[in-house]
Protein chains: 2
Amino acid sequence: MAYTGQMRWAPDARGRLQGAALDLFSEQGYAATTVPQITARAGLTTRTFFRHFADKREVIFGGDEIPERAARMIAAAPAELAHMEVIRLVLHRVAQEQFEGHHEQTAEIRTLIHANDSLRDRDARKRDDMVRAVRAAFIERGEPPLTATVVAELGILVFQVSLDEWAADPDAPPMTAVIDAVMHRLGDLSLSLRPSAAEPLG
Amino acid sequence: MAYTGQMRWAPDARGRLQGAALDLFSEQGYAATTVPQITARAGLTTRTFFRHFADKREVIFGGDEIPERAARMIAAAPAELAHMEVIRLVLHRVAQEQFEGHHEQTAEIRTLIHANDSLRDRDARKRDDMVRAVRAAFIERGEPPLTATVVAELGILVFQVSLDEWAADPDAPPMTAVIDAVMHRLGDLSLSLRPSAAEPLG
DNA sequence: CTATCTGATGTCACGTCGTGTCATGGCATA
DNA sequence: TATGCCATGACACGACGTGACATCAGATAG
């Protein structure tokens, strides 16, 4: 299936590499696919692959703008909103704009990631990157560092759990609904952290 | 500093490799240290390194029994304890038994990890492994899956934030106190998730 | 005391990843 | 036509990680 013709100056080299990689990963698995295989299918050379992606995993994770967008949304959120309501607002918008309507593709990528330790590594660090970005945004809002840390961790916790729950269920409700469900469960659990709260535990 | 003598059958090869690696990492940095350098200092060969550690990073992360121990503690915890009190109990014990008294060494390792993306990757996946173990333990206790997921994520969130806060501060209070502080902050923040809670926000 | 077995280590060859460096080919612009 | 820019190619190379087989110390049996 490798192109023998002159693809060198065909447009969208990066996109061709991503397409070829995703195809091969689903055909043979991630580990069994080599970079030369990918570039052969895309009609490019190995060296060019590493000009577009820092390493083999980035062909899946590359071009993620969620941290920046989330930070901007937090900065633009009404000042009077409670911490976790800012989180809810941002997550809803990210869900709608980035994921809703791409359920199948998202599920495929999540499956791929969960099947390979090297990709799980990278996915877990991406989560950490998101936490850092959100934390910085809340500090920018004037929150004390520990509060910003915990809010950011909580927000990304909700995001990650919701994303995997949503992606794993073929008949899942809209991702915004999953987010709300996770946040509600979080509220239940946190009750026992506040002995002052006078509600009995379920 | 490389041993020229016959170290081949000297005891504790694994420990010698870890010691040599940690020394070299702090002297030259992680990325600049090669596996042959490590094995030369430990008086062994490259091949032997990879018999003891699956890859170069595992010389830092290897031999981590926290997930198993945490799972056993959860299984043994009194059935009437609220979710987050089980978490608090387990985290206190892990803090006391694994970290208290090793502040300096812990801080050094955390610094090393935070300075290198490849190690951050691995550290982030280790966190995910802990979440999975804790989640499984709560499911074993009879919790529904989503509750188990969120409890586990929350628990490990507290652990990770507390560990880094504690390690980063040379004059930190006991780690158990940091854990309690983080959990208290978590309770504050979660208030806004429960509109029914009648307390005003701080 | 010797034979044998076992497990850790050594030796060697190899494939893949990822980078440094310089050469080349298309395209735009003057 | 000349010039420069930039994406890509070509090549060499070091480091990572693995498979296969050889070797050596110590334990155990006879």
Side-chain angles (χ1 to χ4, degrees), chain A residues 2-22 24-25 27-63 112 116-122 125, chain B residues 2-22 24-25 27-63 112-113 115-122 125:
Chain A
Y3 299 96
T4 53
Q6 197 54 337
M7 298 295 292
R8 180 173 174 181
W9 298 107
D12 193 22
R14 184 185 174 93
R16 271 152 53 213
L17 287 168
Q18 282 178 320
L22 268 296
L24 286 165
F25 291 164
E27 289 172 18
Q28 321 173 345
Y30 172 81
T33 302
T34 68
V35 174
Q37 282 176 341
I38 297 168
T39 52
R41 184 171 294 210
L44 296 165
T45 62
T46 303
R47 189 66 185 87
T48 296
F49 180 92
F50 291 107
R51 288 201 179 93
H52 286 279
F53 305 101
D55 62 52
K56 190 174 151 189
R57 299 170 304 177
E58 291 304 305
V59 76
I60 295 179
F61 293 97
L112 192 60
N116 183 276
D117 278 348
S118 172
L119 297 178
R120 282 183 58 211
D121 278 8
R122 184 63 184 84
R125 176 157 67 86
Chain B
Y3 300 97
T4 53
Q6 197 53 340
M7 298 295 294
R8 181 174 174 179
W9 297 105
D12 195 22
R14 183 186 175 94
R16 270 152 54 215
L17 287 168
Q18 283 177 318
L22 269 296
L24 287 165
F25 291 164
E27 289 171 18
Q28 320 173 344
Y30 172 80
T33 302
T34 68
V35 173
Q37 282 177 340
I38 297 168
T39 53
R41 184 171 294 209
L44 295 166
T45 61
T46 303
R47 189 67 185 85
T48 296
F49 179 93
F50 291 106
R51 288 199 179 93
H52 286 279
F53 305 100
D55 61 54
K56 190 175 152 189
R57 300 171 303 178
E58 291 304 305
V59 77
I60 295 178
F61 293 97
L112 193 60
I113 291 172
N116 183 276
D117 278 348
S118 172
L119 297 178
R120 283 183 57 213
D121 278 7
R122 185 63 183 84
R125 175 156 68 88

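Only heavy atoms go into these numbers, but all of them, side chains included; no hydrogens, no water, no symmetry mates. To find a chain, count down the sequence lines: A is the first, B the second, and so on, and within it residues start at 1.
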Please give, in whole Å, the distance from [N] [atom2] to [X] [atom1]?
X      : N      : atom1 : atom2 : answer
B:L44  : D:dA25 : CG    : P     : 15 Å
A:H52  : C:dG18 : NE2   : P     : 16 Å
B:D121 : D:dC16 : CG    : P     : 16 Å

Original post:
Can you tell if the side chain of A:D121 reaches within under 4.5 Å of the side chain of B:R57, non-hydrogen atoms only?
Top reply: yes

Original post:
What are the two closest non-hydrogen atoms of A:D55 and A:F50, and how far apart are they?
Top reply: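 Closest pair (atom of A:D55, atom of A:F50, distance): CA-CE2, 4.1 Å.
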
**OP:** Could you pull out the closest heavy-atom pair between A:F61 and A:L119, with the gap in Å?
**Re:**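 Reported closest heavy-atom pair: CZ-O, 3.5 Å.
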
Subject >> Derivation and outcome, side-chain contact (heavy atoms from CB on, under 4.5 Å), residues B:L112 and B:N116 >> reply: CA-CA 7 Å; B:L112 193 60; B:N116 183 276; over 6 Å; no

Original post:
With sequence neighbours excluded, what pairs up with B:T48 under the side chain to side chain contact (heavy atoms under 4.5 Å, CB included) test?
Top reply: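 B:T48 satisfies side chain to side chain contact (heavy atoms under 4.5 Å, CB included) with B:L44, B:T45, B:R51, B:H52 only.
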
Original post:
Between B:T45 and C:dG10, does any side-chain N or O lie under 4.0 Å from OP1 or OP2?
Top reply: yes

Original post:
Do any side-chain nitrogens or oxygens of A:T34 fall under 4.0 Å of OP1 or OP2 in C:dT16?
Top reply: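 No, A:T34 has no side-chain N/O under 4.0 Å of OP1/OP2 on C:dT16.
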
Using nucleotides 17-20 of chain D, report all nitrogen or oxygen pairs with the protein that are shorter than 3.5 Å.
{"unit_1": "D:dG17", "atom_1": "OP2", "unit_2": "B:K56", "atom_2": "N", "d": "3.0"}
{"unit_1": "D:dG19", "atom_1": "N7", "unit_2": "B:R47", "atom_2": "NE", "d": "3.4"}
{"unit_1": "D:dG19", "atom_1": "N7", "unit_2": "B:R47", "atom_2": "NH2", "d": "3.1"}
{"unit_1": "D:dG19", "atom_1": "O6", "unit_2": "B:R47", "atom_2": "NE", "d": "2.9"}

**OP:** Applying side-chain hydrogen bond (donor to acceptor under 3.5 Å, both in side chains), name anything that partners B:Q37, two or more places apart in sequence or on another chain.
**Re:**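 For B:Q37, no residue satisfies side-chain hydrogen bond (donor to acceptor under 3.5 Å, both in side chains) once neighbours in sequence are set aside.
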
**OP:** Name the residue closer to the 5' end of DNA chain C, choosing between A:T33 and B:R14 according to the nucleotide with the nearest heavy atom.
**Re:** B:R14

